[in-house]
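Chain A is the first sequence line, chain B the second, and so forth, proteins listed ahead of strands; every chain is numbered from 1.
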Amino acid sequence: MMVRVRFAPSPTGFLHIGSARTAVFNWLFARRYGGRFLLRIEDTDQKRSEARYLEEILKDLRWLGIDWDEEPVFQSRRFDIYRAKAEDLVAAGKAYREGEAVLFRVEKGRTIEYKDMIHGPIAWQTDDIKDQVLIKSDGSPAYNFSCVVDDGFMGISHILRGDDHISNTPKQILFYEALGLRPPEFGHMPLILGPDGSKLSKRHGGVSVEEYKREGFLPQALANYLFLLGWSPGEEREILSLEEAVKIFDVAAMNAVQAKFDIQKLSWFNAEYIKKAGADELIPLLGIHLLEAGFDLASSDDAYIGRVLELYRVRIKTLRDFPAMVECFFRDDFAVEEGGRALLDDPGNRELIADLAVRLESIDPFGHEAVEKLFRERAAERGIKPAQLIHPVRMAVSGRSKGAGLFEMMEVLGKETVLRRLRRVAHGSADKA
RNA sequence: GCCCCUGUCGUCUAGCCCGGUCCAGGACAUCGCCCUUUCACGGCGGCAACACGGGUUCAAAUCCCGUCGGGGGCGCCA
């Protein structure tokens, strides 16, 4: 049997991280078995649905690396069909009209049972289920009904969805029966919870894919983190791409327990992907973040940003961390961290810096090895530790006590800039800014 | 209230289906050491869990029952 699954977003907001995970698992399932991954837009709520949300959702799916087959199905264009199907059920005596609405009659005394792909056998008594609305008074279809009509229409073979739909399943199975359709296989995956164990919501931080994108997370990292939340490849390996996951994905191996969202683990994944990413992929993204942080990139080309990137690549967890660490590479009037001023005002340090500035002049080309050699020789000659030279110079040149290797920084900054900054401190003019 | 799902380190998980190889393995976080011009990376090591109580069994994280805990649902929302 051809595997056909679907992801059915409602365009009433941005793509939620939990929905994204549902989409990823459906995609994984479809690709794993050579099936089709379809999209259905559940826009029956005309008031809350907006075209811009739909565009955002599709954009975010593509960004994550999820592609789909066939044209998306829009529920708003199928109202006539839902009504007709409901009328058929009324004619067959399986449903009845109540006011303007159409309700489904639930036969009492039955047991509805099915085998969940993730949870195993699950059963309900129809006595616990009341009659279900098929068509609302305003003529629009109720969720469970349009869902079944469309899944039947689209030839959906497997439904992988959130745990919160588990109690919709017996109702939907009843509809399949009434409509003369064979129910698909169902698999209910546990929801993602916030760090405190409650439902993941805005107060836990980002809930939409778009926010993570904006915060500087790479799509590969987000996808990787998401499909490892609830599923494990079994082997002790965690960094794997969607393509690698496709080869070994197995729904039956999915966990039946809800998992908490852990931003720290996501950050770790992101850092790992940043370490491995190609510079050509990172540089444009970094440029955007630098611009957003207010940097003037007029005199910085991609090659320069690339050199700075290589100095900070292992130090950032998100692309957004970058601007805050590299200010000194993009402007002379960078901020000097708290406590740094004292280091620069120290007369002894100024003397050391002035001395270094003079000696650095003769270094050409201004490479980090040559600069380091000079620092070490100078320290030895003066009988001090290299660190006593390095720390004040790092502060003079970058305004920070932390960062990449000083000599590499100096090389990237260039001789001219370095000397300008050293002289500025040597002459005690650093505090005018 | 009723119905359903679920319970291994702080977190994500492996193991559970096919009891013994598990005084429970990995990863994130955390702590320490090493590397080192700082920070980070990397390397090494530490702390840390089978929710609880009963069974079954020679033997249970693994099977059964109960309790407690967590989540979801019970909409003319989707």
Side-chain angles (χ1 to χ4, degrees), chain A residues 8-13 19 42-45 47-49 75 98-103 116 118-120 122-125 127-147 161-171 188-193 195-199 225 228-239 252-253 255-269 271-272 275 311-317 321 325 372 375-376 379 385-395 398 400-409:
Chain A
S10 191
T12 54
S19 302
E42 308 211 322
D43 54 353
T44 58
D45 188 334
K47 285 189 286 290
R48 294 197 299 143
S49 297
Q75 293 195 316
E98 188 173 285
E100 298 295 302
V102 178
L103 300 236
D116 193 283
I118 296 169
H119 297 275
I122 299 183
W124 285 268
Q125 302 308 318
D127 291 4
D128 294 324
I129 303 171
K130 48 185 186 181
D131 286 1
Q132 299 292 307
V133 172
L134 260 26
I135 301 295
K136 303 182 216 172
S137 299
D138 66 359
S140 66
Y143 169 75
N144 280 316
F145 189 57
S146 54
C147 184
R161 63 195 356 176
D163 237 346
D164 50 338
H165 285 287
I166 213 157
S167 55
N168 282 326
T169 307
K171 300 167 187 172
H188 290 91
M189 46 194 170
L191 264 18
I192 301 178
L193 267 30
D196 60 356
S198 68
K199 195 166 183 171
Y225 176 68
L228 244 37
L229 214 47
W231 174 67
S232 164
E235 48 187 298
E236 284 172 355
R237 180 169 63 128
E238 300 196 293
I239 299 291
N255 240 129
V257 214
Q258 58 276 40
K260 296 187 183 74
F261 189 83
D262 181 9
I263 189 70
Q264 296 202 107
K265 184 95 183 221
L266 205 211
S267 296
W268 174 76
F269 271 106
E272 290 300 305
K275 277 181 230 161
L311 254 33
Y312 286 85
R313 185 175 207 131
V314 299
R315 283 168 242 264
I316 56 176
K317 287 198 180 297
D321 291 338
M325 289 187 192
E372 177 166 5
F375 268 61
R376 295 198 184 284
K385 285 195 253 182
Q388 287 178 262
L389 256 28
I390 290 169
H391 295 307
V393 171
R394 172 189 296 285
M395 189 55 66
S398 73
R400 303 174 143 259
S401 60
K402 302 175 177 178
L406 206 224
F407 309 118
E408 284 78 9
M409 287 176 74

Sugar-phosphate only, base, or nothing, as touched by A/Arg237 at under 4.0 Å among non-hydrogen atoms: nothing
A/Asp196 CG to B/G70 P, straight-line distance once rounded to whole Å: 12 Å
N or O in side chain of A/Thr44 less than 4.0 angstrom from B/A78 OP1/OP2: yes
Between C1' of B/G70 and CD1 of A/Ile192, the distance in whole Å: 16 Å
Contact under 4.0 Å: A/Asn255 side-chain N or O vs B/U6 OP1/OP2: no
Sugar-phosphate, base or nothing in reach of A/Ala256, heavy atoms under 4.0 Å: sugar-phosphate
Whole-Å distance separating the NZ atom of A/Lys199 from the C1' atom of B/A78: 11 Å
Atom-to-atom span, CG of A/Asp163 to P of B/G71 - whole angstrom: 13 Å
Check: A/Met189 and A/Arg161 side chains under 4.5 Å, non-hydrogen atoms: no
Length of the line joining A/Lys260:NZ and B/U8:C1', which is rounded to integer Å: 13 Å
Summary of protein contacts for nucleotides 28-49 of chain B, nucleotide by nucleotide, where a base hit scores B, a sugar-phosphate-only hit scores S (4.0 Å, heavy atoms): SS-------BBBBSS-------
Validation row: A/Ile129, A/Pro170 side chains within 4.5 angstrom (heavy atoms): yes
Close side-chain approach of A/Asp163 and A/Gln258, heavy atoms under 4.5 Å: no
Sub-4.5 Å side-chain heavy-atom contact between A/Val102 and A/Phe145: no
Side-chain touch A/Glu100/A/Asp138, heavy atoms, less than 4.5 angstrom: no
Selection from B/G73, B/A78, B/C5 that lies nearest to any side-chain heavy atom of A/Lys136: B/A78
Minimum side-chain heavy-atom gap A/Asp131-A/Glu98 below 4.5 Å: no
Watson-Crick or G-U wobble partner of B/U36, both distances under 3.5 Å: none
Separation of atom CG in A/Leu191 from atom P in B/G72, rounded to whole Å: 7 Å
Sugar-phosphate, base or nothing in reach of A/Lys385, heavy atoms under 4.0 Å: nothing
Touch class at under 4.0 angstrom, heavy-atom based, for A/Glu42 against every strand present: sugar-phosphate
Whole angstrom value for the distance that separates P of B/G72 from CD1 of A/Ile118: 17 Å
C1' atoms of B/C64 and B/U57, separation to the nearest Å: 12 Å
Minimum-distance nucleotide to A/His119 side chain [options: B/U13, B/C5, B/C77]: B/C5
Watson-Crick or G-U counterpart of B/A24, or none if no pair lies under 3.5 Å: none
Heavy-atom check, side chain of A/Val393 versus side chain of A/Phe407, under 4.5 Å: no
Base partner of B/C2, which must satisfy Watson-Crick or wobble distances under 3.5 Å: B/G73
OP1 or OP2 of B/G72 under 4.0 Å from side-chain N/O of A/His165: no
Euclidean distance, atom CZ of residue A/Phe269 to atom P of B/U13 [Å, nearest integer]: 11 Å
Touch class at under 4.0 angstrom, heavy-atom based, for A/Ser137 against every strand present: base
Position toward the 5' end of RNA chain B (nearest nucleotide), A/Lys171 or A/Gln75: A/Lys171
Base partner of B/C47, which must satisfy Watson-Crick or wobble distances under 3.5 Å: none
Validation row: A/Met409, A/Tyr312 side chains within 4.5 angstrom (heavy atoms): yes
Complementary nucleotide of B/C68, counting Watson-Crick and G-U pairs under 3.5 Å: B/G7
Considering all heavy atoms, the nearest A/Ala404-A/Arg394 contact: O-NH1, 2.9 Å
